[in-house]
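Proteins come first, then strands; the chains are lettered A, B, ... in the order of their sequence lines, and each starts at number 1.
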2 protein chains.
Amino acid sequence: MTTRARGLHTHVLESLGLAITAGEYPPGSVLRTDELAQRFDVSRTVVREVIRVLESMYLVESRRRVGVTVQPAEQWNVYDPQVIRWRLAGADRPRQLRSLTVLRSAVEPVAAGLAALRATPAQCADLTEQALGMVATSRGRQLEAYLVHDVAFHRIVLNASGNEMFARLGDVVAEVLAGRTHHQVMFPDPDPAAVTLHVRVAEAVRARDTAEAERLTREIAVGALQELDVLAP
Amino acid sequence: MTTRARGLHTHVLESLGLAITAGEYPPGSVLRTDELAQRFDVSRTVVREVIRVLESMYLVESRRRVGVTVQPAEQWNVYDPQVIRWRLAGADRPRQLRSLTVLRSAVEPVAAGLAALRATPAQCADLTEQALGMVATSRGRQLEAYLVHDVAFHRIVLNASGNEMFARLGDVVAEVLAGRTHHQVMFPDPDPAAVTLHVRVAEAVRARDTAEAERLTREIAVGALQELDVLAP
DNA sequence: GTGATTTAAAAGTCATACTTTTGTGGACCT
DNA sequence: AGGTCCACAAAAGTATGACTTTTAAATCAC
């Protein structure tokens, strides 16, 4: 089973999306709907619906009389969670992971600063709880448990920022952190300095110390980037 | 003519996308495909393709036996350029403009810093050229000409950062700047301080002064946010 | 009332026929 | 040789109708 049995549409979409983002079809390649229908053994209807979706992601462009042409990577909507997943699953995972981490390093400090301004008491409490959870699981090869708290922590910060664009990056951050834990060669225990920083961010947010929350989060980001340089140069 | 005569699919997609993002269908509303087909006077085929695209944007969810349900705004893929356009054209343009500006304020300084590291000589020259163009058009009610240079300037910075995620925000920035010029009540001439800052950013990038480029761009961002607070409180 | 069973509503899939756009190649002219 | 125009055909776009599958909800049995 290549993918879940979630319908023909999903299956074809997944296969094609993965193949294209993996660079199996060089930009400019031309696909024809009939040919695809035959290849996947589905009706042209299904293929057309898939093509329309891929088109909305700027992975392909469909033109009459010529066919469906694969677009160059610069066109792709790299913010589409689906595209992100495909790319993380494919060949240029390292590049993707890096550019996402750089994005995080830009966004999260600002988000943390805003969170310090706007976080509700409940969010503050939740944040502290996750930070403590990170401390508790930071030793003894409990990477999976640590990951859960880490993801939750960053999600709360992004949500508490009150900015919808930031909030929607929660899934991206989750993917990056999960990717780091699962596919990157990683140390058996997370960096203690990073753990401490998370605790201090939680404190700064609760104390409404915008500048400090931003500064500390920036430190976390720098750490993440350095880690990436060390482990995947 | 509501939209360009670019095909039935495009027309229906545009209408529905606009309506949904405008909040005309409260979250949880249910649409039925054959009803839509009838309403737009197109075949079910066309409607289904549109639904599939809207689904990939997380604007709707299609389930058997129940129909196509409109998703709450928190689900929407707010990074999809299409969604951004729809929202900017619709009712919550102000909110959208604000959250995009906040995003810019996070991303662009970091992008400028990276650009200072990586910009090619050609990009440096181009950047300077655009900055000078901004100076030249900053007086005498030449807002349109100014806008062109402004957009070009920020696009170059984002591209020169060498990060694909940043580069793809060029269109977003263009939309925001255009929106500010066209729909916001704006001063007859741009803020002279902002113009100067752009020139200095260009200089910093050429001088490979990462920290300065980042700092100056942050100043521009702060200015943009303040402007938003003054004009659309 | 609770749980199993039937029912029907809506999306999902398929096959086919037809329309529209548009590259391409060839005829024709200069 | 080179350009213009035109007819052809290829491929996507659209429409229609029949059939399948899922599943919410109504019905029935206990």
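Side-chain N/O atoms of A:R48 include one lying less than 4.0 angstrom from OP1 or OP2 on D:dG13. Contact annotation: B:R52 reaches the phosphate of C:dG12 (side-chain N/O to OP1 or OP2, under 4.0 Å). Taking side-chain N and O atoms only, B:S62 has a distance below 4.0 Å to OP1 or OP2 of C:dG12.
For B:R6 and C:dT21, the CZ to P distance is 15 Å, given to the nearest whole Å. To the nearest angstrom, C1' of C:dT13 lies 17 Å from CZ of A:F40. Protein atom CG of B:L13 is 15 Å distant from nucleotide atom C1' of D:dG13, rounded to whole Å. Following rounding to the nearest Å, A:D34 (CG) and C:dA15 (P) show an atom-to-atom distance of 12 Å. Atom CD in B:E55 sits about 11 Å away from atom C1' in C:dG12, given to the nearest Å. The nearest whole Å value for the distance from the CD atom in A:E61 to the P atom in D:dG13 is 11 Å. Distance A:L31 CG to D:dA10 P: 19 Å, rounded to the nearest Å. Taking atom NE2 on B:H11 and atom P on D:dG13, their separation rounds to 18 Å, with Å as the unit.
A:R65 contributes a side-chain N or O that forms a donor-acceptor pair with the base of D:dA9 under 3.5 Å. Applying the 3.5 Å distance criterion, the base of C:dT13 shares no donor-acceptor pair with the side chain of A:R44.
Picking from D:dA15, C:dC14, C:dT21 the nucleotide with the shortest atom distance to the side chain of A:R64 gives C:dT21. For B:V42, counting side-chain heavy atoms from C-beta on, the closest listed nucleotide (D:dA15, C:dC14, C:dG23) is D:dA15. Nearest nucleotide to the side chain of B:S43, out of D:dA15, D:dA12, C:dG12: D:dA15. Minimum atom distance to the side chain of A:R32 is reached by D:dA12, of the listed D:dA9, D:dA12, D:dA25.
Side-chain N or O atoms of B:Y79 include one that pairs as donor or acceptor with a backbone N or O of A:M165 at under 3.5 Å.
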Verify side chain to side chain donor-acceptor pair (under 3.5 Å) between A:E14 and A:W86, making sure each step is shown before the conclusion.
CA-CA 8 Å; A:E14 213 69 12; A:W86 287 333; 3.3 Å; yes
Please evaluate residues B:T217 and B:E108 with respect to the criterion side chain to side chain donor-acceptor pair (under 3.5 Å), reporting the C-alpha separation (whole Å), side-chain torsions for both, the decisive distance (0.1 Å), and the verdict.
CA-CA 7 Å; B:T217 306; B:E108 292 203 85; over 6 Å; no
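For the pair A:R63 and B:R63, both in contact range of DNA chain C, the more 5′-proximal nearest nucleotide belongs to B:R63. Summary of the strand contacts: A:E49 and A:V66 both lie near DNA chain C, and taking for each the nucleotide with the nearest heavy atom, the more 5' one is attributed to A:E49.
Few gaps surround CD on B:E35; more than 12 heavy atoms of other groups in view lie less than 6.0 Å from it.
Counting non-hydrogen atoms under 4.0 angstrom, B:T33 reaches the backbone sugars and phosphates but no base.
B:H154 and B:H149 form no side-chain donor-acceptor contact under 3.5 Å, judged by distance and modelled atom types alone.
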